[in-house]
Amino acid sequence: MNLINFFKQFIAAPTKIGAIAPSSEGLADLITEVADLPKASTVIEFGPGTGVFTEKIVRKMPSEALFFALEYNEDFVKASKNRCCDALIYHDTAANAMKYLNQHGLDECDSIICGLPWASFSVELQDEILSASITALKPGGKFLTFAYLSGLILPGGMKFRKKLSLRFSKVTTTKTVWLNIPPAFVYCAEK
Ligand SMILES: C[S@@+](CC[C@H](N)C(=O)[O-])C[C@H]1O[C@@H](n2cnc3c(N)ncnc32)[C@H](O)[C@@H]1O
């Protein structure tokens, strides 16, 4: 999917997409690096969009590990499947992560790499997806999600940071990727 089509998806559903362009390669490198993928056996991605993170997740994970992504938007399901034809992309909400883990005979995962637009979600949807994430992660499992630097000074961004700290046992942040549009960093939260 090209930039114009991504932008059209944003115009059609701004609160679901939450970004005017896909994340940069630099942000994709960073979020997949902190996920410690070479040691993972089960990884889930939320909101792959055009598959910029997906491509790197699949490359960095052991070949025998289980990976699947949950994407809400049908056009992005097609786009991420086009980009990563070997990846398992389900057309569903991230809130249903447990259902797919169970379908694979599992009840926990090592990490969740998340590309969801938290700042444009309602508080109820944030809580629903965070609860599903915590249920799906093993103890010590990692929840990686990015945020725009600009959001840190906005009430929504500050509340989300606090929510992560209340829900997870440890939350750290990475360096900022300045060449991302807009500049972004990664929250590394541990169950
Ligand atoms: C900001 S885009 C990020 C796409 C990609 N991860 C990236 O960084 O370029 C957010 C993505 O989350 C998807 N999304 C929004 N709500 C979702 C939900 N409840 N469950 C799964 N995916 C969702 C959108 O359709 C979109 O593909």
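Please read these numbers as outputs of a predicted model, since none were measured by experiment. Order of listing sets the numbers, starting from 1, for every ligand and every atom in it.
- For the atom pair CD1 of Ile89 and CD of Glu71, the computed distance is 8.5 Å after rounding to the nearest 0.5 Å.
- Between Gly47 and ligand 1, at least one N/O pair is under 3.5 Å apart.
- The atoms of ligand 1 that sit less than 4.0 Å from any heavy atom of Gly49 are 4 (C), 27 (O).
- Counting the atoms of ligand 1 from 1 in the order shown, those under 4.0 Å from a heavy atom of Ser23 are 7 (C), 8 (O), 9 (O).
- Of the N and O atoms on the side chains of Asp110 and Ser41, at least one donor lies less than 3.5 Å from an acceptor on the other residue.
- The environment of CD in Gln103 is crowded: more than 12 heavy-atom neighbours from other residues, nucleotides or ligands sit within 6.0 Å.
- Comparing Tyr90, Tyr148, Tyr72 by heavy-atom distance to atom 17 (C) of ligand 1, the nearest is Tyr72.
- Surrounding CG of Leu152 are more than 12 heavy atoms belonging to other residues, nucleotides or ligands, all under 6.0 Å away.
- Distances between N or O atoms of Thr93 and those of ligand 1 include at least one value under 3.5 Å.
- Residues Thr172 and Tyr187 fail the side-chain proximity criterion, which asks for heavy atoms closer than 4.5 Å.
- Interface atoms of ligand 1 facing Ala94, defined by a heavy-atom separation under 4.0 Å, are 18 (C), 20 (N), 21 (C).
- Look at Asp92 and you'll find a heavy atom under 4.0 Å from some atom of ligand 1.
- Of all the heavy atoms of Phe46, none lies under 4.0 Å from any atom of ligand 1, so neither backbone nor side chain is involved.
- For ligand 1, one of its N or O atoms has an N or O atom of Glu71 under 3.5 Å away.
- Distances from atom 10 (C) of ligand 1 to the heavy atoms of Ala97, Gly115, Ser120 put Gly115 nearest.
- Per-residue contacts place Leu116 under 4.0 angstrom from the following atoms of ligand 1 (heavy atoms of the residue considered): 12 (O), 14 (N), 17 (C), 21 (C), 22 (N), 23 (C).
- Counting only N and O atoms by type, the side chains of Ser131 and Arg167 include a donor and acceptor under 3.5 Å apart.
- Summarising the geometry, atom OG belonging to Ser24 is positioned 8.0 Å from atom CD1 belonging to Ile181; distances are rounded to the nearest 0.5 Å.
- Considering backbone and side-chain atoms alike, Ile129 places every N or O at 3.5 Å or more from each N or O of ligand 1.
- Within the 4.5 Å cutoff, the side chain of Leu37 has heavy atoms near those of the Ile57 side chain.
- In terms of N/O distances under 3.5 Å, ligand 1 is not approached by Glu45.
- No hydrogens or angles considered: nothing links the side chains of Asp92 and Tyr72 as a donor-acceptor pair under 3.5 Å.
- Within ligand 1, counting atoms from 1 as listed, the ones closer than 4.0 Å to a heavy atom of Val52 are 7 (C), 9 (O).
- Using a 4.0 Å cut-off between heavy atoms, Pro48 contacts ligand 1 through its backbone alone, with no side-chain atom that close.
- Ring geometry, Phe143 versus Phe168: the interplanar angle falls under 30°, so the pair is classed parallel (tilted spans 30 to 60°).
- Heavy-atom proximity to Pro22, at under 4.0 Å, picks out these atoms of ligand 1: 9 (O).
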